[in-house]
Amino acid sequence: MAKTILITGSTSGIGLGMAKAFAALGYNVAFNGLEPNGAEIAQQVADEFKIDHIFSPANMLKPEEIRAFAAETIQKFGAVDVLVNNAGIQFVAPIDEFPEEKWDAIIAINLTAAFHLTKAVWPSMKAKKFCRIINIASAHGLVASEFKSAYVAAKHGIVGLTKTLALEGAEFGITANAICPGYVHTPIIDNQVADQMKAHNMSR
């Protein structure tokens with residue numbers, strides 16, 4: 001029986017790359033993304049690799065949508081064998097110019113969403129006694145950069161959450177690991193270049 005992987009932010013960037021890699025291994029994929037053509041992207045991957053899938057436009061800012069996404073996946077496939085908390089956003093500005101709403105959104109999407117989704121799938125993972133959680137952190141989960149206070153805080157938080165999940169999951173055969181990549185050419189990087197330049201100019 002095919003295993004199932006749920007990946008947030010999986011219709012672009014790193015998430016889409018992971019979805020394709022697991023689809024190539026025969027996994028069912030629960031896709032998620034906010035791109036207008038997200039459902040079509042998911043369908044294309046499913047058709048290419050001949051796997052079963054679902055697509056959810058769940059907004060990682062909204063816990064009720066996160067829980068519904070988890071429930072839909074478990075209802076269709078029975079369980080989530082691998083969970084990848086990948087969705088993320090970025091904003092760059094000096095601390096004294098950092099918009100509070102941007103701070104709240106970055107913490108919510110990059111950190112709090114992972115908590116809600118992990119909590120939602122945890123009971124089914126405990127029942128299977130052999131599941132995997134992969135949290136996409138960042139080099140910024142280990143070191144800081146100026147002008148990225150919210151992102152650095154969220155990614156440090158993801159690393160801490162991962163360590164806690166690894167301890168709590170050990171007796172149930174659930175492993176938890178954080179991946180901390182450096183710069184990868186994805187839309188999140190493209191979108192911050194102008195802001196990074198602006199922040200450097202503002203700080204002078």
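Positions are given from 1, in the same order as the sequence printed here.
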At their closest point, which heavy atom of [X] faces which heavy atom of [Y], and how far apart are they?
X	Y	value
Pro57	Glu65	O-OE1, 4.1 Å
Met60	Ala87	CG-CB, 3.9 Å
Gly182	Ala139	CA-CB, 4.3 Å
Ala2	Gly26	CB-O, 3.6 Å
Ala178	Thr162	N-CG2, 3.5 Å

- Message: side chain to side chain contact (heavy atoms under 4.5 Å, CB included), that's the test. Do Ile134 and Val82 meet it? Break it down for me.
- Response: CA-CA 7 Å; Ile134 302 169; Val82 182; 4.1 Å; yes

If you group Ile, Leu, Val, Met, Phe, Trp and Tyr by side-chain heavy-atom gaps below 4.5 Å, do [X] and [Y] land in one group?
X	Y	value
Leu161	Val121	yes
Phe49	Leu25	yes
Leu117	Ile107	yes
Leu111	Phe115	no
Trp103	Ile89	yes

Side chains of [X] and [Y]: does their closest heavy-atom pair fall under 4.5 Å?
X	Y	result
Leu6	Phe31	no
His140	Ser145	yes
Lys128	Val80	no
Leu61	Ile109	yes
Asn110	Lys155	yes
Ile41	Phe55	no
Val84	Ile5	yes
Lys76	Asp52	yes

- Message: Less than 6.0 angstrom separating the ring centers of Phe22 and Tyr27, yes or no?
- Response: yes

- Query: Within 45° of the axis and under 6.0 Å from the centre of the six-membered ring of Phe172, does NZ or CZ of Lys126 qualify?
  - Reply: yes

- Out of Leu83, Asn177, Leu165, which residue meets the side chain to side chain contact (heavy atoms under 4.5 Å, CB included) rule with Asn135? Leu165

Atom [atom1] in [X], atom [atom2] in [Y]: separation rounded to 0.5 Å?
X	Y	atom1	atom2	value
His116	Phe69	NE2	CZ	15.5 Å
Lys102	Ser149	NZ	OG	13.0 Å
Thr11	Gln44	OG1	CD	11.0 Å
Glu168	Trp122	CD	CH2	6.0 Å
Tyr151	His156	OH	NE2	12.5 Å

- Message: Go through it in stages, so that I can follow the logic: the residues are Asn32 and Ser56, the test is side-chain hydrogen bond (donor to acceptor under 3.5 Å, both in side chains), and I'd like the CA-CA distance, side-chain angles, deciding distance and then a yes or no.
- Response: CA-CA 5 Å; Asn32 160 257; Ser56 171; 4.6 Å; no

- Query: So, the side chain of Ser10 versus the backbone of Ile7: is there a donor-acceptor pair under 3.5 Å, distance only?
  - Reply: yes

- Item | Gly9 backbone acceptor or donor facing Asn86 side chain under 3.5 Å | yes

- Message: Between Arg132 and Asp81, does any side-chain N to carboxylate O distance fall below 4.0 Å?
- Response: no

- Query: For Leu16 and Ile14, what are the C-alpha separation, side-chain angles and deciding distance, and is it a side chain to side chain contact (heavy atoms under 4.5 Å, CB included)?
  - Reply: CA-CA 6 Å; Leu16 179 57; Ile14 292 173; over 6 Å; no

Are more than 12 heavy atoms from other residues, nucleotides or ligands located less than 6.0 Å from atom [atom1] of [X]?
X	atom1	value
Lys129	NZ	yes
Glu64	CD	yes
Glu100	CD	no

- Query: When you look at Val29 and Val45, which way does the side chain to side chain contact (heavy atoms under 4.5 Å, CB included) test go after all the steps?
  - Reply: CA-CA 9 Å; Val29 181; Val45 175; 5.8 Å; no

- Go through the steps for Thr73 and Ile54 under the test side chain to side chain contact (heavy atoms under 4.5 Å, CB included), then give the verdict. CA-CA 7 Å; Thr73 303; Ile54 63 170; 3.3 Å; yes

